[in-house]
There are 2 protein chains.
Amino acid sequence: MKKISDSTISRLSKYYRTLGRLIAQKVKTVSSDEIAEIDGVTSAQVRKDLSFFGTFGKRGLGYSTADLQHNIGKILGLFKKWNVALVGVGNIGHALVDYQEFKKQGFEIKLLLDNDENKIGTKVGDLEIKSFSDAPTHLEDEKIQIAIVAVPANVAQKVVNSLTDAGVRAILNFAPLSLKVPDGVMIKNENMSIELEALSYFLTNRRK
Amino acid sequence: MKKISDSTISRLSKYYRTLGRLIAQKVKTVSSDEIAEIDGVTSAQVRKDLSFFGTFGKRGLGYSTADLQHNIGKILGLFKKWNVALVGVGNIGHALVDYQEFKKQGFEIKLLLDNDENKIGTKVGDLEIKSFSDAPTHLEDEKIQIAIVAVPANVAQKVVNSLTDAGVRAILNFAPLSLKVPDGVMIKNENMSIELEALSYFLTNRRK
DNA sequence: AATTGTGAACCTCTTCACAGCT
DNA sequence: AGCTGTGAAGAGGTTCACAATT
């Protein structure tokens, strides 16, 4: 399989959601130009992104919203159910457990791990917090494929090492630092400070 | 001022944090190669990123951790205090209020806005939730420069329009869709679903 | 000897522009 | 006539490689 750029993949996610809204509005057909306008990109970009995976439109007519959404969903693997573990049940962790958007997209949090004795055994929603020291067993029992890491920066690398040793191949990291993972493991970072600092830069340096 | 790419700015944020940790470890001097290794980039990239803003190192010796961190902080505008409003005090909003990382970096949440009658007037930490219908007044009173938008997708564009009309020039958006802002306004998106879907794509399509 | 700062080469991603379908 | 799909051109970002400096 040809290497597809990260930006193409994240734009496909956007198109997917845009198509979802169009379908909810009973729109049956859409052009690359309309998708582009909604998502703030060019129409050539939309067509090029799709062209890496096949031909989904009809010349002269555009795309069927339902078909295109389905096709992008298949490309992204969104019709599978993904079992997710959340490591670190602090502020952010709590919010993520309650965040309904994930479950809608097939990402189900099935395991909560923490190393705080006071939290272990307590429940968040339906889920009991388990001890991180037993991570390998729990990860296997729940057939976890994706881990969300929301632990303090100073332990994040250790946590990620344990997870990859236990066979986790996909990680979403909320700790604000760069982490190393072995080949064959993908890690994505969610770092709000970086975005805020980009805003700070913008406000500081605009005009002139 | 020459246009600097978003990726350069976000790497500068990373270097800034990396330098912070090195300083905490009493490291006085660092080479571009060491920074690069920690942050998973090339040393040429580190030097090139810095070169857009000046010359901060000593040939043969490397960089003073303290000086370089200070200089990057100045570039990013991190020594200013930024007054931040949080719009939409739901799950994510709550987590953000409690998230200490922001305040450490000079981003202080000074205003909470919501349109839910049951929430208005209640407190989160020290802050009372105010009505979004009075946003312009509150934004001005608190001298808000940055707004974090954590409202449902279907009202996000309306909220952003009100904010920009009221003079807000920098927005961090958590709603999972693309929003339009006028020229001169910067909006950054924090969209966890996109990152998760990239992981889904990776798990679905790896190995041929 | 070590490491920076940077022009030039390289590579990747985006946009153009148009042939080809419907 | 309208819109897709795509090769080619263009723009932008990254890496190379080396002169300059400590």
Side-chain angles (χ1 to χ4, degrees), chain A residues 1-16 18-19 22 27-72 75 178 194 198 201-202, chain B residues 1-15 18-19 22 27-72 75 178 194 198 201:
Chain A
M1 168 155 296
K2 193 179 166 309
K3 169 73 180 121
I4 306 292
S5 79
D6 286 359
S7 13
T8 288
I9 300 302
S10 77
R11 281 189 302 267
L12 288 177
S13 288
K14 289 187 190 177
Y15 307 155
Y16 183 81
T18 296
L19 289 163
L22 291 172
V27 176
K28 299 287 184 226
T29 290
V30 71
S31 67
S32 59
D33 213 37
E34 292 164 324
I35 297 174
E37 162 61 21
I38 295 172
D39 282 325
V41 300
T42 66
S43 64
Q45 183 78 79
V46 172
R47 296 196 299 277
K48 182 65 90 180
D49 286 336
L50 294 173
S51 76
F52 297 128
F53 299 96
T55 78
F56 306 106
K58 283 201 175 41
R59 293 173 192 231
L61 302 176
Y63 304 87
S64 149
T65 49
D67 290 355
L68 185 56
Q69 200 208 27
H70 185 84
N71 277 305
I72 296 178
I75 293 165
S178 309
I194 287 182
Y201 172 79
F202 167 75
Chain B
M1 169 154 293
K2 192 179 166 314
K3 169 72 179 122
I4 306 292
S5 79
D6 285 0
S7 12
T8 289
I9 300 302
S10 77
R11 280 190 301 267
L12 288 177
S13 288
K14 289 187 191 177
Y15 307 155
T18 297
L19 289 163
L22 291 172
V27 176
K28 298 289 183 223
T29 290
V30 70
S31 68
S32 58
D33 211 38
E34 291 164 323
I35 296 174
E37 162 62 21
I38 295 171
D39 282 325
V41 300
T42 65
S43 65
Q45 183 76 81
V46 172
R47 297 196 301 276
K48 182 66 89 179
D49 286 336
L50 295 173
S51 76
F52 297 127
F53 298 96
T55 75
F56 305 107
K58 283 203 173 42
R59 294 173 191 231
L61 301 176
Y63 304 87
S64 149
T65 50
D67 289 357
L68 184 57
Q69 201 209 25
H70 185 83
N71 277 305
I72 296 178
I75 293 165
S178 310
I194 287 182
Y201 172 77

For the backbone of [Y] and the side chain of [X], can you confirm whether one donor and one acceptor N or O come within less than 3.5 Å of each other?
{"X": "Gln69(A)", "Y": "Ala66(A)", "answer": "no"}
{"X": "Thr65(A)", "Y": "Leu22(A)", "answer": "no"}
{"X": "Glu34(A)", "Y": "Ser31(A)", "answer": "yes"}
{"X": "Thr18(B)", "Y": "Ile35(B)", "answer": "no"}

Open item on the list: Less than 4.5 Å apart, side chain to side chain, heavy atoms only: is that true for Leu50(A) and Tyr63(A)?
Closed with: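 Answer yes - side chains close enough.
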- [ ] Given salt bridge (charged side-chain N to carboxylate O under 4.0 Å, His left out), test Asp49(A) with Arg11(A) step by step and report yes or no.
- [x] CA-CA 8 Å; Asp49(A) 286 336; Arg11(A) 281 189 302 267; 2.6 Å; yes
Without decimals, in angstroms, what is the distance between [X] [atom1] and [N] [atom2]?
{"X": "Ile4(B)", "N": "dG13(D)", "atom1": "CD1", "atom2": "P", "answer": "10 Å"}
{"X": "Glu34(A)", "N": "dG2(D)", "atom1": "CD", "atom2": "P", "answer": "14 Å"}
{"X": "Lys48(B)", "N": "dG12(D)", "atom1": "NZ", "atom2": "C1'", "answer": "12 Å"}

Open item on the list: Going 5' to 3' along DNA chain C, between which two nucleotides do contacts with chain A fall, using a heavy-atom cut-off of 4.0 Å?
Closed with: dC13(C) to dT22(C)
Task: 5′-ward residue of the pair Phe52(A)/Asp33(B) relative to DNA chain C - done: Asp33(B)
Task: DNA chain C contacts among residues 56-64 of chain A, heavy-atom distance under 4.0 Å - done: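 By residue number: Arg59(A), Leu61(A).
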Open item on the list: Near DNA chain C, counting only heavy atoms under 4.0 Å, which residues of residues 40-47 of chain B show up?
Closed with: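 Heavy-atom cutoff 4.0 Å gives Arg47(B).
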